[in-house]
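The structure under discussion appears below in the form of structure tokens.
Order of the sequence lines sets the chain letters (A, B, ...), proteins ahead of strands, with each chain counted from 1.
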Amino acid sequence: MIKKKKLKPSKELPSGFEDRQEKVLLIRDFVISNIKEVMIKYGFQYLETPSFEYTDSIGKFLPDKDRPGEGVFSFKDDNKWLSLRYDLTAPLARYVAKNFNEIPKPFKRYQLGTVWRNEKPGPGRYREFLQFDADYVGTKNLQADAELCILISEILEKCGLDKADYTVKISSRKFTDKLFEKLKIKSKYKISTALRALDKIDRLGWEEVRKLLGEGRKDKSGDYTEGANLKKDQIKLIENALDNKMSDSEDVLEIIKIFEAYNFKNYKFDPSVIRGLEYYTGPIFEVNLNFEVKNLKGKTIQFGSIGGGGRYDSLVSNFGNLDCPATGISIGLDRLVFALMQKKDFNIKVVRPLIICVFDKSKTKEYVEILNKLREADISSEIYPGEGKLKKQMEYANKIESPFVIFYGDDEIKKNEVKLRNLKTGEESSIKIENLVDEIKKII
RNA sequence: GCACGGGUAGCUCAGUUGGUUAGAGCAGCGGUUUGUGGAACCGAAGGUCGACAGUUCGAAUCUGUCCCCGUGUACCA
């Protein structure tokens with residue numbers, strides 16, 4: 001026999017995927033319950049769509065690639081390409097197109113769901129994450145856009161953030177369209193390169209962005225990025241237009257008016273908000289946090305936005321000849337939770353069971369009697385689920401941070417009582433069986 | 001994709017100019033009272049040093065290729 005190397009399965013996670021543990025999940029649940037309350041208050045319907053869609057219905061199809069739409073996870077099923085959704089907006093558009101006659105117009109829905117992106121992960125950026133999405137479909141009324149910004153603020157404040165902790169930035173695709181028109185910049189390449197450069201002002205600053213608008217930029221690792229090759233005076237004019245924090249874009253002005261009617265103040269017009277290039281057609285928004293966020297090693301990181309959105313008046317019409325304007329906003333919940341945990345001390349109560357120690361397996365019936373009394377009173381409890389000596393059972397109780405351990409051995413059974421040990425203080429007390437539930441309810 | 005850094009025990013890491021059987025701390029397992037945890041002590045166990053090829057009497061260490069991870073940068077509907 002030839003000895004072959006045993007191939008062990010890898011215990012590593014695919015890059016960009018994470019195990020999420022209880023503490024984080026409980027805070028995420030808290031955020032989700034706040035979201036649901038706010039959405040009900042604002043009159044939205046709850047919707048769920050599947051994780052997979054046909055590839056051509058969730059994004060652009062790239063016919064020259066063997067694998068459709070780089071950036072999504074796809075596989076071929078029965079000769080048709082399927083992909084995991086990369087956001088909740090495209091599936092919504094598909095849903096609206098499919099159910100166009102049945103749904104009310106306007107249609108307001110919210111959705112919570114996992115989305116997947118087949119991209120290189122980075123600090124705080126995963127390839128699988130939970131997204132929250134709220135959309136108004138079938139209305140051009142800019143009150144919808146304004147309400148989205150307001151409702152996001154309400155959610156954030158419900159989660160414990162102050163007004164100073166975040167800013168809703170708004171702009172409009174029309175602002176930059178107008179600007180480039182004025183400067184007679186017509187090349188699509190130049191416009192998209194310039195937009196991407198402007199999107200980086202927050203992170204890189206004007207000095208670097210000027211290079212990206214001009215000839216190009218070399219980053220500190222030595223990598224070179226081609227620039228938009230604009231002329232110096234054009235760059236200057238762009239800079240001036242963006243520094244002048246007043247919008248000349250009608251949709252932005254109207255939204256600001258609506259904000260005033262709602263007495264909503266925590267917004268900022270910021271023309272450097274760009275957000276993707278493809279489907280937004282009008283107002284765009286972005287939600288930024290104003291406090292420092294540290295990574296797991298304690299290093300302060302550029303956290304970027306936790307969410308954003310905008311108006312996409314032509315997305316639904318891609319599915320057919322449907323005239324259907326829409327606007328939406330989304331939040332990356334995992335990122336929000338990560339930041340919230342650093343800002344606020346959540347004393348989320350993690351419930352741990354009381355443990356009934358096992359002295360003798362043949363006494364299981366007696367243990368179960370105690371267990372049933374506790375569980376009937378909704379007290380989290382268990383009979384020690386492993387095997388081993390009392391020492392091991394105590395170590396287990398300690399490790400899972402159980403509040404109390406119950407001893408119900410021969411001595412106690414004879415006296416019709418249990419011994420209760422407080423794992424924090426080490427105190428022990430004897431309690432008659434009939435008083436057990438009441439006594440425990442008192443101290444827990 | 002591009003650039004730089006890194007892959008040694010379950011985890012965090014050390015390993016000197018290439019030299020016998022590759023080390024530590026923590027965790028885990030057993031014990032120091034078989035009815036008492038969080039501390040301490042003792043003991044045993046745990047690794048084809050990311051993969052493959054090459055140089056060499058000899059490779060965790062040098063060279064090449066590939067894979068994976070991290071950071072920056074680009075892309076991101």
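Between A:T167 and A:N290, the side chains place a donor N or O and an acceptor N or O closer than 3.5 Å (distance only, hydrogens not considered).
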Using a 4.0 Å heavy-atom cut-off to protein, can you give one letter per nucleotide of nucleotides 7-13 of chain B, 5' to 3': B if the base is in contact, S if only the sugar-phosphate is, - if neither? ---SS--

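For A:R275 and A:D199, the salt-bridge test fails: no basic side-chain N is under 4.0 Å from an acidic carboxylate O.
The shortest distance between the side-chain N/O atoms of A:R196 and the OP1/OP2 oxygens of B:C75 is below 4.0 Å. Considering only side-chain N and O atoms, A:S15 lies under 4.0 angstrom from the phosphate OP1 or OP2 of B:C69. For B:A74, the OP1/OP2 oxygens have a side-chain nitrogen or oxygen of A:R203 closer than 4.0 Å.
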Let me check something: any side-chain donor-acceptor pairs from residues 139-147 of chain A under 3.5 Å, sequence neighbours excluded? List them with distances.
residue : atom : partner : partner atom : Å
A:T139  : OG1  : A:N141  : N            : 3.0
A:N141  : OD1  : A:Q143  : N            : 2.8
A:Q143  : NE2  : A:Y262  : OH           : 3.2
A:D145  : OD1  : A:R311  : NE           : 3.3
A:D145  : OD1  : A:R311  : NH2          : 2.8
A:D145  : OD2  : A:R311  : NE           : 3.3
A:D145  : OD2  : A:T327  : OG1          : 2.9
A:E147  : OE1  : A:Y136  : OH           : 2.5
A:E147  : OE2  : A:Y262  : OH           : 2.7

What are the atom names and distances for every N/O pair under 3.5 Å that joins the protein to nucleotides 31-33 of chain B?
residue : atom : partner : partner atom : Å
B:G31   : OP1  : A:K389  : NZ           : 3.0
B:U32   : O4   : A:K391  : NZ           : 3.3

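Taking the side-chain hydrogen bond (donor to acceptor under 3.5 Å, both in side chains) definition, one finds that A:K442 meets it with A:E439, sequence neighbours left out. By the ring pair (Phe, Tyr, Trp, His ring centres under 6.0 Å) test, A:F175 is found to be paired with A:F269, residues two or more places apart in sequence or in another chain being considered.
Annotation: ring pair (Phe, Tyr, Trp, His ring centres under 6.0 Å) contacts involving residues 387-406 of chain A, sequence neighbours excluded, comprise A:Y384-A:Y396.
Counting any heavy atom pair closer than 4.0 Å across all strands shown, A:R125 reaches a base atom.
Summarising the base pairing, B:G25 is matched to B:C11 through a Watson-Crick or G-U wobble pair whose two defining distances lie under 3.5 Å.
Both stacking criteria are satisfied for A:Y86 over the base of B:A77: a centre-to-centre distance under 5.5 angstrom and an angle between ring planes under 30 degrees.
When each of A:P121 and A:D87 is assigned the nucleotide of RNA chain B bearing its nearest heavy atom, the one mapping closer to the 5' terminus is A:P121.
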